[in-house]
Peer 1: 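The following block contains the structure, expressed as structure tokens.
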Amino acid sequence: MAPPAEVLAIRGLSKTFPGVRALDGVDLVLRPGEVHALIGENGAGKSTLIKVLTGVYRPDAGTVEFQGRQVSFATPLEAQKAGISTIYQEVNLIPLLSVARNLFLGREPRTRLGLLDFARMNREAEETLRTYGVRVDVRQPLRTLGVGAQQMVALARAVATDARVVIMDEPTSSLEPREVETLFSVIRRLRDAGIAVVYVSHRLDELYAVCETVTVLRDGRRVHHGRLSELSRLDLVSTMLGRELGEVRAEGLTKFSGDHHAADTEPVLEAEGLTVPHKLHGVSVSIRPGEVVGLGGLLGSGRTETAKAISGALPIRSGKVVVAGTSLRGGSTPGAIRAGISLLPEDRKSEGIVPGLSVRENIALAALPRLSRFGMVSEARVDKIVNTFIERLRIKASSPHQKVGELSGGNQQKVLLARWLAMNPKVLLLDEPTRGIDVGAKAEVQKLVDELAEDGLGVLLISSDLEELIEGSDRVVVLKDGAVVGELTGEDVTEDTLMRTIAGDAPATAATKEVATDG
Amino acid sequence: MQRSIHRPHLLARPVVVALAAAVALTASACTKSEDDGSDKQKSSASADTEQKVVTPKAGSKTCTIDAYGAKKIDLKNATVGFSQSEKEANPFRIAETQSMKDEAKKRGVKLLTANAQSQFSKQISDVQDLLAKGADLLVIAPLNSDGWEPVFKAAAAKKVPIVTVDRKINATACKDYVSFIASDFVEQGRRAADQMIEATGGKGEVAILLGSAGNNVTTERTKGFKERIAEKAPDLKVVFEQTGDFAREKGQQVTEQLVQSKPGIKGIYAENDEMGLGAVAALKGAGKKAGAVKIVTVDGTRNAVNAIVDGWISGVVESNPRFGPLAFQTLDSFTQGKEVAEDIIIQDSAYTSDNAKQDVGKAY
Amino acid sequence: MAEATVRTAAPLDKARILQWLQTYGVYAGVALLLIVNIVITPHFLSAENFRTQAVQVAPVIIVALGMALVIGTEGVDLSVGAVMALAASVLALYLGYGLLPALIAVALFAAVAGLANGALVALLGVQPIVATLALMVGGRGIALVMLPQLEDLHNPSLASLGSGDIVGVPYLILIAAALAVLIAFVVRRTTFGRQLLAIGDSRPAAQLAGLPVRRVLMVVYVVSGLLAAVAGVLATARLQASDPTSLGNLMELSAITAVVVGGTPLTGGRISIGGTVAGAVLIQLLTATLIKHDLPPSWTQIAQAIVIVCAVYAARGRGKR
């Protein structure tokens, strides 16, 4: 059987943003009835590719051929009308309109008088949705539906608009397991109907369950494409992360000393069975004083959520966090901070620094109550702390009164570290501490983390930089789809075992396999 | 009243409840107003305060029930609907509504009332509501002069006669409505000018505190005043015209600026009593003596008339809000088949130092 | 080479001018209006006149101080005018017990109003403009239910509060000045002030830094309500009459204008108390100038609009930098 003609052919697509080459000569070919996995880590270029395809961005170079004709969509609506539908993580329908109205929005059936034919609309909507496993009163507003059902309505709507290509951007991130099954059956039906599907997800199990072909992006380039079944999970992970298995690499690329002398004492932090709906399923982590514990896993595996759940920024449904023997009340950031937990958030610019305030104010921010008497700030005490940390962390600013927003990324990160160190924390949660900062500052931050661990702090390190994670951590807890799938200790803290554990097809010897038991 | 017991109770309540509770408590008079006990019986309409009509000029138009096309009814058994335009938050509106109620009670007529709260769309639906509730006759104090067609249509369908008070509707008399009863605002301005001329001796510089911009009352009271000044006392110069928005505080603030920059000002014409009382407050604050600057105002509220007695205000031209007796009398004559005038202009009285003391009881 | 330097220097200078304008423009404007008036307005240069201007602007300054705090948290309080009316009503209703008990009742009502705003914003996450709109509409309604019409007040203590002075300086001016100094101190020197600015600049960061975000927001709205009530009491004392119908009408706009013209950005994170006071004075002088020269009232509105546009333009230049 000859392969059917291409429905979509992308060739040599490039897109540059100031300072970043988001897409660099990317090719992607789709045939009718093909379910194609599009994967890559953060910043690999997936979302840029989707946005170019659907008319949000205009490419700098390259062509898009759709159904044999070269196209260039100016708006997402144009793309949708031509037959390329996109289903985003967040459902983009109208919450207050009825389910049926949403389903038929823009192509409502009319009566002979030109009025909306509600009876027919409701009847057809009900029939259509039943085939998607959604049984609801279609006259109710959309927002009364669960997220999964809403996603099904979005999907049904996308398919009903005569789509030839359906792009799904992490469609299962908020679905229950049962709903995921329904989604898969819908995808298979689309496939059988000759519709091409681009499936973006970080969940390897899902990819292997439903996808036929795969394109792997890394740093804006296509680094692999082909049939998914011909690619082992391990190969897939290593391709994504850009690490060849067994690759010989120079030691000491990072400034980590590698081994800390974790006191053989009671853990300073014990997190047990952290569960957050759709995000974490019983994650447990423990850290001893002076130990750096790495949190490994792909994007979306629950690393950031684990850190946030521990620090009280993300309310947990069940589980507990114990710091130095005292149990924390979940969902309270001030409580966690008082207990000695400090979080350096992943999104430094919007969740970390207060850009309009000075270096001085930023460093003193969390410790203000301790630096005050009767609600009045003691400037002398603030100055003392601020000067100490500017010196110790070698923060480069024109003066303590310079705005933090004007500093380089590395110095911003050091300011945040200073803010937390001023609180004398017991545990530091570092979420991507070196992302987006230059090489010199990166080395400095890494060295600082080392020193802090030497001083007896417990450190949780999250990093997409495998080198950093492996060299910096004494132990690595590996997460996948919101659950712990293994733990690397001692000799096993290597990139190879990490990737194997993530891939899940060759568990590391030391890995303690845990099964998610979330209902 | 157990004030001393209630108040701590209020203090102790949970905060959110307190706000709601306060409203209820206020309604039950659990607060102690400073003016408690003072005579607040302003509503009782005596024969003295009744509106009198300017003798109609010969040949002015009249209307009869036959010409209008309604059926004769006995007012005693009829239901009258009254639609008030603005919130009863100023003395004029309070007295107007009260006078309607008092007159209905006196005549034993059933009265339905509605208040549009200064929203025209509400007034339209108010009137339609009154019709639906079975009003046989309508008295309307219109908020706007235009946009009444839906009401006329609905009233005509039920053959319900309409009398409008205090503000005119742009429509055909004796077809869309029967009569219009009101003061002549231009005439009020003229009479204020007369008082100003008398108080100042017809010489010097005077100021006007204008009402709200774009209001026909403002325009007409200004027109009459300026016309009469130009005609009778050319030596009296209007050197200052600023709006006080019919509000006391604004009148005070503007007057403060005025007396600073024009210390030689002889008189102030305030287009309502509130602004005039604001001017009095400003003059007091500036250390002026009563009567040093002559103030003439329009309306005839009790506070303003009292200020004449105290010597701060020279004269008040009345704008009588007590439309009740005249409106009912008009409806009575009309429903009996008699002729009524299409435009009924009220003869407003005035207060000066000569009559303020004995007539203060007539003020509203 | 020299040419290139010149070319790059030009926009830099423009940015610097804009920044200077945003910080000091309001003071320059006040100075300019003073000079112009001294030259062209008869009887302007007199203690009596300055006293009048200061007394008239005092309530606006007091309300604007609270507004500055709210705007510093990236919020806005539209209910201040209604709270002034509410204060006037409550004052009139409880004055029979004496001035002090009446003031306590006023403070209580204002605090409840502020708490209602604060709860909507801080606890329920309602947009400040929507949350305070409710009270802006409802507050005046409640005030009118309590006191349906203007009522003259004859309390000697209240009268002296409104028109009394200490060595020639009216209480109103002293109170406004004292409050301005107090609020400036709170913003600059207290934990609360710094936390407030951090919350206004970046709420997620403040939250993750463990700041008591909800508590700070609640307090800010309560303070705004209390300051509006103080202004309402003082205006009522000056008028010697409680006028819930028109007292505080459009005060929210005057206060926001004063704050914005004074160089406090609507995006939060920065508060200029000195600028806010100067902003209120600028608008007052502008209005006074036009009234004293008997120009049509519509000119005042146009002139105010021009000042606001200038202020917003200067702020925009700063934001882009």
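Reminder, nothing fancy here: chain letters follow the sequence lines and each chain counts from 1.
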Peer 1: Among A205(C), S202(C), G268(C), which has the most heavy-atom pairs under 4.5 Å with chain A?
Peer 2: A205(C)
Peer 1: Is the closest side-chain donor-acceptor distance between S372(A) and T191(C) under 3.5 Å?
Peer 2: yes
Peer 1: Where the side chain of R419(A) meets the backbone of N362(A), is there a donor-acceptor pair that is under 3.5 Å apart?
Peer 2: yes
Peer 1: Sort out for me which residue in E379(A), Q402(A), H401(A) forms a side chain to side chain donor-acceptor pair (under 3.5 Å) with R360(A).
Peer 2: E379(A)
Peer 1: Any donor-acceptor pair under 3.5 Å linking the side chain of R370(A) with the backbone of M423(A)?
Peer 2: yes
Peer 1: If only side-chain N and O atoms count, and only distance matters, is there a donor-acceptor pair under 3.5 Å linking S224(C) with D77(C)?
Peer 2: yes
Peer 1: What part of R188(C) gets closer than 4.5 Å to chain A, counting heavy atoms only: side chain, backbone, both or neither?
Peer 2: backbone
Peer 1: Among G269(C), A206(C), G193(C), A198(C), which has the most heavy-atom pairs under 4.5 Å with chain A?
Peer 2: A198(C)
Peer 1: With only heavy atoms counted, which part of L343(A) is less than 4.5 Å from chain C, the side chain, the backbone, both or neither?
Peer 2: side chain
Peer 1: Could you look at P345(A) and say if it's the side chain, the backbone, both or neither that has a heavy atom under 4.5 Å from chain C?
Peer 2: side chain
Peer 1: Between chain C and each of L371(A), L357(A), L416(A), count heavy-atom pairs under 4.5 Å; write down the option with the most.
Peer 2: L357(A)
Peer 1: Name the region of E361(A), side chain, backbone, both or neither, that has any atom closer than 4.5 Å to a heavy atom of chain C.
Peer 2: side chain
Peer 1: What part of I337(A) lies closer than 4.5 angstrom to a heavy atom of chain C: side chain, backbone, both or neither?
Peer 2: side chain
Peer 1: Can you see which heavy atom on N117(C) is nearest to which on S79(C), and at what distance?
Peer 2: ND2-OG, 3.0 Å
